[in-house]
Amino acid sequence: MLEKALKEIQRGSSEIIDNERIEKLLKAYFEEGKVYTVKAGFDPTAPDLHLGHTVLLQKLATFQKYGAKIQFLIGDFTAQIGDPTGKNVTRKTLSVSQIQENAKSYKEQVFKILDAEKTEVVFNSTWINALGASGMLSLTTTYNVARMLERDDFDKRYKSGTSISISEFIYPLLQGYDSVHLQSDIEIGGTDQKFNLLMGRHLQRAYEIGKEQSVLMMPILEGLDGVQKMSKSLNNYIGVADEPNEMFGKILSISDELMWRYYELLSAKSLDEISELKINVDNGSAHPKRVKEELAVEIIERFHSLKAAEEARLEFQRVHSESQIPTELDEFSIDAEVWIAKALVECKLSPSTSQARRDIKQGAVKINQEKVSDEQLQLLEGEYVLQVGKRKFAKLKVI
RNA sequence: GGUGAGAUAGUCAAGUGGCCAACGACGGUGGACUGUAAAUCCGCUCCCUACGGGUUCAGAGGUUCGAAUCCUCUUCUCACCA
């Protein structure tokens, strides 16, 4: 049992610091039912969760399975500074009301994965505000500038003469102080957070709270392109709030190679099951597309329902494999006969009439499944299903 | 504060008086091939009912028959020095 739990906890992680302590904590749980705490901090700047975030959330869920109480920390105070990690410019500060709003939508989304019973949502402004100027000052005496500058990103900025604000120096200290206040046993975060995570250990030692948190780091999930990290700003993400059909399409669009990565970090399947799948695909006894569909269904089920997932699968089949028209189309209506190019723009299938004409010229446009060749075509009264390329559809009523 | 370099389409990046709606790359998109994948190949990629017209090269003026290209000012970036 202990073995299994440990294996599950270690799964997918890129680095664990003080693994022995994690073992001890688990042992104490199994033998005496002793509860321990796992902290994870979230920046309330990005309210829309995507699968990249869920890698961490699922790890937390695993911990919950094995006795952990999760300290779900919303860094509402620290967000006012902005995490300098990986940044090469000073971040803008966020307004208090903005942070409040973001934090709220965070909470709404995370309990799809986490067990609310075993989760404590905390805001670090609570204790950091209470720290006061003298508390803050004594916090800063635990570390020095030279060591802070060892950080790669600070180092680069310092050497290149880019500004580093003093508040950014304080950021890691505050994050570490959170671990002091919360008396965390374990903290988990992305690999890019290593410096900040280690600061928790450092400060717990400095404040002599009698323990040093273990640190478990998870790799950063690649986005749909398979290269850059999943992020909203790169538009390569799968949002947990995405529609089932959209999720299905996005998951199916990832490369086979990336699929295994997603399996490892996102699926609830055991590693043994996954490696068996991989063997089957490699020797040709399983079709990679089927395997990918399975993953898609699993993920959609998690955020929607099994029913929605199966429907998405069927819909996908209809539209893409059998090149039929999707069941639900955006509908538009125009009250006079229109030129086809204008109609495409109206239905948001083309961004401009110029583009629409190009599409027609290239044979990309279909009306009721029939290819359009006449660029000058006028649409008379009636109902039409318009299509551009393989996946853009709309229904148009001309009155 | 001083000096120098620069600002070109979604991004990077050529172009330094007419052949420029502007090379190329990436991205995006359409087609072929497929498993709507990847890889590969081909087309398109400022707007406009278009063998034509309009608006672009940080912004504002100016020189010229003609400017992304030359001049002036402004704004912003970056580098070096203090």
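Note on naming: letters A, B, ... go to the chains in the order of the sequence lines (proteins, then strands), and numbering restarts at 1 for each one.
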For the side chain of A:Gln362, counting heavy atoms from C-beta on, which of B:rA38, B:rC44, B:rG35 is nearest? B:rC44
Quick test of your reading of the model: are A:Glu294 and A:Arg290 salt-bridged, counting only N-O distances below 4.0 Å? no
Looking only at B:rC44, B:rG30, B:rG35, the nucleotide nearest the A:Arg358 side chain is B:rC44
Nearest to side-chain heavy atoms of A:Lys292, which nucleotide of B:rC48, B:rA37, B:rU29: B:rA37
Could you please name the option among B:rU49, B:rU29, B:rA38 that lies closest to any side-chain atom of A:Gln355? B:rU29
Between A:Asp242 and A:Lys250, is there a salt bridge with N-O shorter than 4.0 Å? yes
For A:His287 and A:Val388, take the nucleotide of RNA chain B holding the closest heavy atom to each; which residue's nucleotide lies nearer the 5' end? A:Val388
So if I take every side-chain heavy atom of A:Lys289 and compare against B:rA38, B:rU29, B:rG35, which nucleotide ends up nearest? B:rG35
If the C1' atom of B:rA50 is compared with that of B:rC73, how far apart are they to the nearest Å? 40 Å
Classify the ring geometry of A:Phe42 against A:Phe72: parallel below 30°, tilted from 30° to 60°, perpendicular beyond 60°. parallel
Do A:Phe169 and A:Tyr143 have their ring centres less than 6.0 Å from each other? no
Pair A:Arg302 + A:Glu298, salt bridge at N-O below 4.0 Å: yes
Rounding to the closest angstrom, what is the interatomic distance between B:rA25 and B:rU75 at atom P? 39 Å
Sorted by position of nearest nucleotide on RNA chain B, 5' first, the leading residue of A:Lys392 and A:Trp339 is A:Lys392
From the set B:rG35, B:rU49, B:rC48, return the single nucleotide nearest to any side-chain atom of A:Gln376. B:rU49
Hey, is B:rA50 sitting syn or anti, using the within-90° cutoff around 0? syn
Quick one: pull up CD1 in A:Ile74 and CG in A:Asn124 and give me the separation to the nearest 0.5 Å. 9.5 Å
Considering every strand and a 4.0 Å limit on heavy-atom distances, what is the contact class for A:Lys361: base, sugar-phosphate, or nothing? nothing
Checking all strands, does A:Ser354 fall into the base, sugar-phosphate, or nothing category for heavy-atom contacts under 4.0 angstrom? base
Rounded C1' spacing from B:rC65 to B:rU29 in Å: 41 Å
Please work out if A:Arg357 contacts a base, only the sugar-phosphate, or nothing of the nucleic acid, heavy-atom cut-off 4.0 Å. base
Distance test, side-chain N/O of A:Lys371 to OP1/OP2 of B:rG31, below 4.0 Å: no
B:rG61 - base-pair partner by Watson-Crick or wobble geometry, distances under 3.5 Å: B:rC71
Among B:rC47, B:rU49, B:rG30, which nucleotide has an atom closest to any side-chain atom of A:Ala364? B:rG30
Testing B:rC48, B:rG30, B:rA37 for proximity to the side chain of A:Asp256, the answer is B:rA37
Atom P, compared across B:rU16 and B:rC26: separation rounded to whole Å: 24 Å
Looking at A:Lys390, does any N or O in its side chain come under 4.0 Å of the phosphate oxygens OP1/OP2 on B:rG30? no
Rounding to an integer number of angstrom, what distance separates B:rG4 and B:rC71 when you compare their P atoms? 15 Å
Whether A:Ser352 contacts B:rC46 is assessed here as follows: a side-chain N or O lying under 4.0 Å from the phosphate OP1 or OP2. Is that the case? no
May I ask which nucleotide in the shown strands pairs with B:rC80, Watson-Crick or G-U wobble, both distances under 3.5 Å? B:rG2
Once you apply a heavy-atom cut-off of 4.0 Å, does A:Gln387 come out as touching a base, just sugar-phosphate, or nothing? nothing
Can you tell me the base-pairing partner of B:rG28? Count Watson-Crick or G-U wobble geometry only, both distances below 3.5 Å, and say none if there is no partner. B:rC44
Considering only the P atoms, how many Å lie between B:rU49 and B:rG62, rounded to the nearest integer? 33 Å
